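Provided herewith is a single structure, encoded as structure tokens, for subsequent inquiry.
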Protein chains: 2
Amino acid sequence: MTHNYKIEFEKFFSYSLSVDCLIFGFEEGEIKLLLIKRNMDPFKGDWAIPGDLVYPEEDLEEAASRILFDLTNIKNIELHQSQTFGKPDRHPQGRVITCAYFAMVKIDEVNAIASSWANEVKWVPIQRIPKLAFDHNEIFNSSLELLRIKLSNEPICFDLLPDKFTLNELQQLYEYAYKVNLNKANFRKKIKPIPLIEHNEKQKNVKHRPAKLFSFDEHKFEKLVNQRNFRFKM
Amino acid sequence: MTHNYKIEFEKFFSYSLSVDCLIFGFEEGEIKLLLIKRNMDPFKGDWAIPGDLVYPEEDLEEAASRILFDLTNIKNIELHQSQTFGKPDRHPQGRVITCAYFAMVKIDEVNAIASSWANEVKWVPIQRIPKLAFDHNEIFNSSLELLRIKLSNEPICFDLLPDKFTLNELQQLYEYAYKVNLNKANFRKKIKPIPLIEHNEKQKNVKHRPAKLFSFDEHKFEKLVNQRNFRFKM
DNA sequence: TTAATTATTTTACTATTTACAATAAGTCAA
DNA sequence: TTGACTTATTGTAAATAGTAAAATAATTAA
């Protein structure tokens, strides 16, 4: 063996573990990431991805939930594991390995408020993320890649959109995510197989013909996936 | 802040970190995983995914390379990060977080030999993986899912196949990975856009019309990806 | 030389995607 | 109330991709 647990115990059990939570939302045609302003050293005053150290008895995902709530007041959201970052010098105060988690939320339904050692929170469009604390820019880039992959293979776009949305908003979301322009008529044809609930309600306070509002029919979607050979693909 | 680095230093810097390497290969129509037999406690005598503790000054991927070489004699392969596992009780001797890496190799080009604390190595078809040490079955399942996703979005199938392969072998690889049967003529149409080098050589020692041998044209592939809007999709 | 086996190509058909045009439905201001 | 304006929604034809089945080619073995 390349080591011996008993002799080298202290040498090997000397690392620390953190989680970072990348919370994505969609607002005014832009996909945004939730950032906090650090109230403490290191990187005091810098913007960062919300994250903190994991307790010794805590599971990783459990820690992510707790820490996200402590810093931003957001709770009860589904967190997905992203990549883990462990360069020996990534944290100035010791060997801290961080495991990134990400989630898609409806910005108007979660109520992000800075607390604990976060001074401020803000939603920043993913195309305008500033220089962040630690290696958080690297963490962001790799998680964004994962978000894009998920967007094209799972119906997570509906986690980002409000409960009732227009088809144009859905299109804008994909256009922004992939930095492309899509044809409206063809986009609607493409999403035909996805089960949506059509509401009688319409868009309000717009200066033009208001668009119909839709919701994702999750129940019907699950049925399709299980019964037929249905697969979400965008 | 939910803690203070100086006061709680020992409490938080008390974790250990390991990496586990999932090495996939392809042989006789089956995708296989490389396992080692543990020569030491805990789980002495059990089959496991090759892995060990990371040194304090070592980067994660660097550690994965070193450990893989120590245990199996395999080196110079490209490792991709998979998921991280950190349940508080996953390791009987303390809080050990493990970061999984995986790789696709050509079985006949790497020379897997057990060394260090590995008693034996063997290639096991992924559809017949036994009960493994620790939470290694969970790690395997989640990494296999990732392998499937990669197989359909990146040309990693050619990392598994020998340098020169028949189109039937390529098809068998996908059939085994997804547990499906594919139509031979249609499969060939589907792979038409992928640039392959056609050799004059043919299969040998077969009792029937030998198939032509092909290689992946990596250079042409890169050109396609960069110049046009080409995307690998299976 | 012929049967058997598998590799590879061809054909015809069906479904999906794309580009573009046309029509419908609402808002706003005169 | 009308018509200009904006956006939603539907329609159509061409191009592309996917599917099923049959035809042809190359090799081995008897």
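This one's a predicted model, so the numbers in the text were calculated from it and none came from an experiment.
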Is any NZ, NE, NH1 or NH2 atom of the basic residue among Glu154(B) and Arg231(B) found under 4.0 Å from an Asp or Glu carboxylate oxygen of the other?
no
Kindly say if Asn168(B) contacts the phosphate of dA7(C), meaning a side-chain N or O under 4.0 Å from OP1 or OP2.
yes
By nearest atom, which of the nucleotides dA8(D), dT9(C), dC20(C) is closest to the Arg188(A) side chain?
dA8(D)
Closest of dT10(C), dT6(D), dT8(C) to the Ala185(B) side chain is dT10(C)
So Lys184(A), base contact, sugar-phosphate only, or nothing? Heavy-atom distance under 4.0 Å.
base
Side chain proximity check, Ser115(B) to Phe69(B), heavy atoms < 4.5 angstrom
no
Measure the distance from CD on Glu198(B) to C1' on dA7(C) and round it to the nearest whole Å.
12 Å
Do the side chain of Tyr174(B) and the main chain of Val180(B) share a donor and acceptor less than 3.5 angstrom apart?
no
Could you check how far NZ of Lys202(B) sits from P of dA7(C), rounded to whole Å?
12 Å
Position toward the 5' end of DNA chain D (nearest nucleotide), Lys189(A) or Asn183(B):
Lys189(A)
What about Phe165(B) and Phe216(B), are their ring centers closer than 6.0 Å?
no
With the side chain defined as heavy atoms from C-beta on, Asn186(B) is closest, among dA20(D), dT6(D), dC20(C), to dA20(D)
Residue mapping more 5' on DNA chain C - nearest nucleotide basis, Leu213(B) or Pro210(A)
Leu213(B)
Tell me: NZ of Lys212(B) to P of dA25(D), nearest whole Å?
13 Å
Could you tell me how far apart Phe187(A) (CZ) and dT10(D) (P) are, to the nearest whole angstrom?
15 Å
